[in-house]
Structure formats: C-alpha cells, structure tokens
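Heavy atoms only: backbone and side chains are in, while hydrogens, waters and symmetry mates are out.
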Amino acid sequence: MSASLGINEGQSTTRPPLFNIKYYSWWKERMENFLTAEDYELWTIVNRGPLTPTKQNGENEIVSKDPSKFVAPNFRMMETNAKAKRILICGLGPDEYNRIFAFLNAKKI
C-alpha cells in the first residue's frame with residue numbers, strides 16, 4: 001500500500017473508513033473494527049442479517065411483529081439495524097451508494 005492512504009478522506013476515529021475497491025480487504029478490516037468499537041452487535045448484524053421483532057400468532061407460527069405493537073426492546077432492535085446500515089452507507093462514495101441504495105439491511109449492503 002502506498003503512503004497516500006493515510007491522507008485520504010475516511011481516516012478518522014469518528015467517521016467510518018471510506019470505501020476503496022482497490023484496497024477492499026484493508027477497508028473491510030477497518031470497517032469491522034469501526035463497527036465493533038461502536039457497538040459489537042453492529043458487526044453481528046452485518047454478518048448474520050437484521051434483527052426483526054417477531055411474535056407467535058394463533059397457529060403457533062413466528063411472524064413479524066406489527067410496528068404499532070413495538071415496545072422499547074423492539075425499537076432498540078430496529079435502531080441497531082439502522083445504525084449498522086448508516087455507518088456502512090457513510091463509508092461509501094456516490095458510485096457505490098448508487099449500487100446499494102435500495103437495500104433494506106446492512107447484510108445486503
């Protein structure tokens with residue numbers, strides 16, 4: 001890697017690393033560190049997929065919970081998903097963003 005990496009945008013402890021396809025492995029490691037330092041659960045969401053509030057219906061099936069019935073822990077789940085997605089998006093430039101803007105969760109990004 002060249003020395004110019006240290007002066008590019010995205011070299012901050014408060015901002016996520018800026019994506020660079022040329023150095024994908026380096027970016028991925030830095031993004032993992034950034035996410036786990038922010039909240040370890042964020043990296044789990046990126047790897048496993050979003051947490052979704054669920055309930056058991058009358059037929060004993062597990063189904064998604066209606067957002068009007070959310071309680072505090074359910075909102076916490078949804079906020080964690082949104083936070084992981086936001087951090088990933090903030091590390092992307094316009095070209096990469098145009099490829100992923102329709103994805104609804106961090107794992108797909």
Side-chain angles (χ1 to χ4, degrees):
M1 283 188 251
S2 67
S4 65
L5 286 176
I7 60 171
N8 287 335
E9 187 176 357
Q11 303 295 310
S12 171
T13 58
T14 58
R15 290 187 354 225
L18 187 63
F19 180 76
N20 182 334
I21 190 68
K22 187 175 177 183
Y23 301 108
Y24 173 77
S25 295
W26 181 71
W27 172 83
K28 181 183 171 202
E29 290 296 320
R30 293 186 67 235
M31 184 58 81
E32 179 181 355
N33 281 327
F34 189 89
L35 287 164
T36 55
E38 188 71 27
D39 179 348
Y40 196 84
E41 191 174 22
L42 296 175
W43 187 245
T44 303
I45 287 171
V46 169
N47 284 316
R48 292 187 180 169
L51 301 171
T52 306
T54 58
K55 67 175 186 169
Q56 198 169 15
N57 68 11
E59 292 83 43
N60 290 330
E61 299 170 329
I62 302 295
V63 295
S64 293
K65 197 173 194 179
D66 181 354
S68 66
K69 307 267 194 251
F70 283 3
V71 292
N74 301 139
F75 284 111
R76 167 77 172 103
M77 270 188 212
M78 300 307 287
E79 288 168 359
T80 305
N81 290 327
K83 191 174 185 180
K85 184 177 173 185
R86 179 197 54 158
I87 289 172
L88 289 171
I89 287 172
C90 287
L92 299 176
D95 293 333
E96 293 81 21
Y97 177 80
N98 287 334
R99 290 185 209 136
I100 60 89
F101 75 93
F103 294 149
L104 299 177
N105 65 62
K107 181 175 176 73
K108 288 187 178 185
I109 293 173

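Here the shortest heavy-atom pairing between C90 and P16 reads CB-CG, 3.7 Å.
From I87, atom CD1 reaches atom NZ of K85 across 13.5 Å, with rounding to the nearest 0.5 Å. Between atom CD1 of residue I109 and atom OH of residue Y97 there is a gap of 8.5 Å, rounded to the nearest 0.5 Å. Annotation: the span from L42 atom CG to N47 atom CG amounts to 11.5 Å, rounded to 0.5 Å. Within the model, atoms OG1 of T52 and CE of M78 stand 6.0 Å from one another, a figure rounded to the nearest 0.5 Å. Here I45 contributes atom CD1 and L51 contributes atom CG; the two are 4.5 Å apart, rounded to the nearest 0.5 Å.
With sequence neighbours excluded, no residue forms a side-chain hydrogen bond (donor to acceptor under 3.5 Å, both in side chains) with W27. Scanning for side-chain hydrogen bond (donor to acceptor under 3.5 Å, both in side chains) contacts around E61 gives N57, with sequence neighbours left out.
Side-chain heavy atoms closer than 4.5 Å link hydrophobic residues (I, L, V, M, F, W, Y) into clusters, and following such links, even through other members, never connects Y23 to I21. Under the 4.5 Å side-chain contact rule for hydrophobic residues, W26 and L35 do not share a cluster. When the side chains of ILVMFWY residues are joined at heavy-atom separations under 4.5 Å, either directly or via intervening members, Y24 and L18 end up in two distinct hydrophobic clusters. Note: the hydrophobic cluster containing F34 also contains L92 (ILVMFWY, side chain heavy atoms under 4.5 Å, direct or indirect links). Placement of F103 and M31 within a single hydrophobic cluster is found when ILVMFWY residues are connected by side-chain heavy-atom separations under 4.5 Å, directly or transitively.
Screening residues 32-42 for salt bridge (Lys or Arg N to Asp or Glu O under 4.0 Å) gives E38-K83, D39-R76, E41-R76 as the qualifying pairs, with residues at least two apart or on separate chains. Listed by first then second residue, pairs satisfying ring-ring contact (aromatic ring centres under 6.0 Å, His included) with a partner in residues 37-69 number zero, not counting sequence neighbours. Within the structure, the salt bridge (Lys or Arg N to Asp or Glu O under 4.0 Å) test picks out no pair touching residues 97-109 (sequence neighbours left out). Sorted pairs that involve residues 87-97 and meet salt bridge (Lys or Arg N to Asp or Glu O under 4.0 Å), not counting sequence neighbours, are lacking altogether.
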Would you list the atom pairs, donor with acceptor, under 3.5 Å between side chains in residues 62-75 and any protein atom, with sequence neighbours excluded?
| residue | atom | partner | partner atom | Å |
| --- | --- | --- | --- | --- |
| K65 | NZ | N74 | OD1 | 2.9 |
| D66 | OD1 | S68 | N | 3.1 |
| D66 | OD1 | S68 | OG | 3.3 |
| D66 | OD2 | S68 | OG | 3.0 |
| N74 | OD1 | V71 | N | 3.0 |

